[in-house]
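Structure record follows, encoded as C-alpha cells.
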Amino acid sequence: MSNVIVPLHAIAHARTGDKGNRINCAVIAYAPEAFPVLLAEVTEARIASLFAHRRPSRVVRHELPKLHALNLVIDDVLEGGVNGSLGLDGHGKTLSFLVLSLTVRVPAPVLAAVRAAIGARRLSV
Amino acid sequence: MARLLIGNGAGFSGDRLDVALPVVRTLIARGGKAVMTFETLAERTLALGVLARRGNAEAGFEPMLLPLLRPILSLCLDNAIPIIGNFGAANPRAAAAAIARLAAELGLRSPRIAVVEGDDVRDLLDDPGVLWPEGRPGGSIIAANAYLGAFPIAEALGLGAEVVVTGRIADPALALGPLIHAFGWSAGALDRLAAGTLAGHLLECGAQVTGGYFADPGVKDVPGMARLGFPIAEVSDDGGIVITKADGTGGLVDRRTVTEQILYEIHDPAAYLTPDVTLDVTGVTIAEEERDRVRVAGAQGHAAPPTLKATVSLEGGFLGEGEISYAGPNAAARARLAAETLRQRIAPAQDSITGNTIRSRIDILGLQAVFDSDDAARGANAMPDGEFRVRLAAASPDRAAAEAASREVLHLYCTGPAGGGGVRIAVTPRIATTSALIPRARITPRVSLIG
C-alpha cells in the first residue's frame, strides 16, 4: 500500500493547554481510520525531538482510542510557564500547531477517508 | 427524568460581555430548572485581586462583574435561575455588596446572595502537613488560595441563594454544585460526581466548547465567529450529559469541539484530580444527536485526593518589553542588526544600572517567534524582504532595570538600523505562582447569606 507523507495537520486537529511549566496537547484524528497512524507516527520520541530546542524534561503519551485521540504531556517547555516566560506565548497556546507540523506517513486510502470526513464537515457548516 | 440546564456566561476574566444574555434567554425558552455560571478566575487573577484590595477595601473582586451581570440579573431573578460565579476573587463579600447595589440600581428586589469563603490559606502555609511539590518558595507571598469543591455551592443553593459568590473554587464545581443541590447526589456517588465534573469541565472555558479556540479555515470552519454562542449543558439525574449552546448565535458544538475540550488542560486522562472526585475520561464516548447537540457519556469517578491544591502567588518582579518594525527591501537583515544591537546594549546594562540580573530574550516576529527559543537558528528560509518586528523582553526584580531595558528599543528610533518604526514599550509587574497541597481537614469552607 502506498504511503503519502503529509503534515500531521492533514489528518488531525489539536489543542494545547498549560499548567505551570507543562503543556498538554490533545491530538485528535479527523476520522477513526487515522487513529492507527497517530499511534504509529506521533511517538514520544518524535515529539521530544520536535521540542528539542525547548529542552523538554519528559514527554508522556496517553492513548484515548474511544476519542481517536492522543494526549501528549510535555514537561518544562514554557520557559518557566506563563508567569516566568519571556516569550510572546507563555501559555504555549500556539504550540498545537508546532505539533501539527510533524510530518507523518499515511496510507493513501486513510488520507482519502480523512479528506472525505473533513469535506463532509465543510458542507454541513 | 429530572434535568438541570447549566449555562455558562464567561470562561475567563477577559471574556466578551454580550454573551450571557443569549444563554439566559435560551435557558428560559427551553424551560425547566436552570442555573447560570461564570468562570472568571485564572491562576493569577486572584493575586491581582489581593493587590487591588490592599489599596481599596471594597475592591478585589472581578473588575468586570457588574458589566457581566447587568444584562441578565433581572431575567435570572424573575425566572428563578440562580447565578453562580467565582467572580468574588479576593473579596467575595464586596462582590456580593456590589451585586446588591446593582439590583437596587436596576429597580429589582433584593436578591438573596450567598458567599463561599475559606479558600484563603495564607495562615496555614506553615502547617507541617502542607506539601510543596515544586519546593517552598522564598519571596513575598501575595495570595494563597485552595481550590474548594462543589458541596459549599450546593449548601448555598439549599439556603435559597439566588446568587452564589465564591473565590477560589475548582472550576468544574461551578456546575457540579448546582447538580448536587438539584439531584441530591452524595459525596460517595462517584460516577455521578464524575459526570457533573465532566459537564463542568466542558463548560468552564465558555466558547472553547462552542467553536472558540478552534477555527482553522478550510479545515475546521466555524460560522459566526463574531457572535459565538456560549455553552449550555443539559444534565440529567442519572449523569447523562448533552452539550449545546445558546439559540440564534454563531459557533458550533460537534464531536470535534467537545473532544478538544474534554482533553483541555488534562494530564493523565484516567486521573483528573478535583476536590470532589478523581475524574477518569478514558471511557468517555461522544455522539452527535443533532446539529449543535452532542451527548457525552461514560465519565467514571474514583475517590478524591486527600489534599486540596492551593495556588500560591508571589511577587515576581517586572517585565520590560519593546517592539520595533522593519519592512521592505533587506528588512530581515535590518531586523537582525537591530536584534544584535539590542543584545550588545542589554548585556552591560545588567551590571551598570542596579546590579540586578536581567533575563532577556529577543524575537523577530515574522521570521519565527512563538514556536522557538531565541537561541535557536531560526528564520533560515525566510525571505529577506518582508515585514518584521523585533521584540525584546527583559525580566528583572527591579522596575527601573526592566524599564531601562525596554527603553533600549525606544532608543533604536535614532540609533538603530534604517527605517525602524512603530515602537511600543511597556513595563508590567509580574506575579509568580506555585502550588501547595493542603490536608483536606485543615480547610473549612464557610457559606454565609449576605443581607
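Quick note on labels: first sequence line is chain A, next is B, and so on, each numbered from 1.
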Report summary line: The reported gap from CZ in Arg15(A) to OG1 in Thr259(B) (rounded to nearest 0.5 angstrom) is 10.0 Å
Report task. Show your reasoning for whether side chain to side chain contact (heavy atoms under 4.5 Å, CB included) applies to Phe97(A) and Asp216(B). Result -> CA-CA 11 Å; Phe97(A) 283 83; Asp216(B) 190 4; 3.6 Å; yes
Query raised in the report: Going by heavy atoms in the side chains, are His13(A) and Val219(B) under 4.5 Å from each other?
Result: no
**Report entry** Point-to-point distance, once rounded to the nearest 0.5 Å, from CZ of Arg256(B) to CD1 of Ile118(A)
**Finding:** 8.5 Å
Requested in this report: In sequence, state the C-alpha distance, the side-chain angles, and the governing distance for Glu79(A) and Arg361(B), and then conclude on salt bridge (Lys or Arg N to Asp or Glu O under 4.0 Å).
Outcome: CA-CA 11 Å; Glu79(A) 294 186 276; Arg361(B) 167 176 173 138; 3.0 Å; yes
Report summary line: Whatever's closer than 4.5 Å to a heavy atom in chain B on Leu88(A) counts as both
Report task. Take Arg121(A) and Asp254(B) through the salt bridge (Lys or Arg N to Asp or Glu O under 4.0 Å) test and state the conclusion after the steps. Result -> CA-CA 10 Å; Arg121(A) 293 282 186 184; Asp254(B) 69 12; 3.5 Å; yes
Query raised in the report: Does atom CZ of Arg136(B) have more than 12 heavy-atom neighbours from other groups under 6.0 Å away?
Result: yes
Query raised in the report: Looking at CG of Asn24(A) and OH of Tyr264(B), how far apart are the two atoms once the value is rounded to the nearest 0.5 Å?
Result: 8.5 Å
Query raised in the report: Measuring heavy-atom distances to chain A, does Leu365(B) have an atom under 4.5 Å in its side chain, in its backbone, in both, or in neither?
Result: side chain
Query - Minimal non-hydrogen separation, Arg391(B) against Leu86(A), with atom names - result: NH1-O, 2.9 Å
Query raised in the report: Between Asp363(B) and Gly87(A), which heavy-atom pair has the shortest distance, and what is it?
Result: OD2-CA, 4.5 Å
Report task. Supply the atom-to-atom distance Ile286(B) CD1 to Leu67(A) CG, rounded to the nearest 0.5 angstrom. Result -> 5.0 Å
Query - Interface moiety of Gln261(B) toward chain A, non-hydrogen atoms closer than 4.5 Å - result: both
Which atom pairs, one a donor and one an acceptor, fall under 3.5 Å between side chains of residues 265-273 of chain B and the rest of the protein, sequence neighbours left out?
| residue | atom | partner | partner atom | Å |
| --- | --- | --- | --- | --- |
| His267(B) | ND1 | Arg22(A) | NH1 | 3.3 |
| Asp268(B) | OD1 | Ala270(B) | N | 2.8 |

Query raised in the report: Relative to chain B, which of Gly92(A), Ala14(A), Cys25(A) shows the most heavy atom pairs under 4.5 Å?
Result: Ala14(A)
Requested in this report: Check whether Ser85(A) gets within reach of chain B through its side chain, its backbone, both or neither, counting any heavy atom under 4.5 Å.
Outcome: backbone
Query raised in the report: For Gln208(B), is it the side chain, the backbone, both, or neither that has a heavy atom closer than 4.5 Å to a heavy atom of chain A?
Result: both
Requested in this report: Quick one: which of Val77(A), Ile28(A), Asp89(A), Val73(A) has the most heavy-atom pairs under 4.5 Å with chain B, could you say?
Outcome: Ile28(A)
Query raised in the report: With only heavy atoms counted, which part of Leu319(B) is less than 4.5 Å from chain A, the side chain, the backbone, both or neither?
Result: side chain
Query - Greatest number of heavy atom pairs closer than 4.5 Å to chain A - which of Ser435(B), Cys205(B), Ser313(B), Gly283(B) - result: Gly283(B)
Requested in this report: Give, for atom CD1 of Ile262(B) and atom CG of Asn71(A), the distance between the pair rounded to the nearest 0.5 Å.
Outcome: 11.5 Å
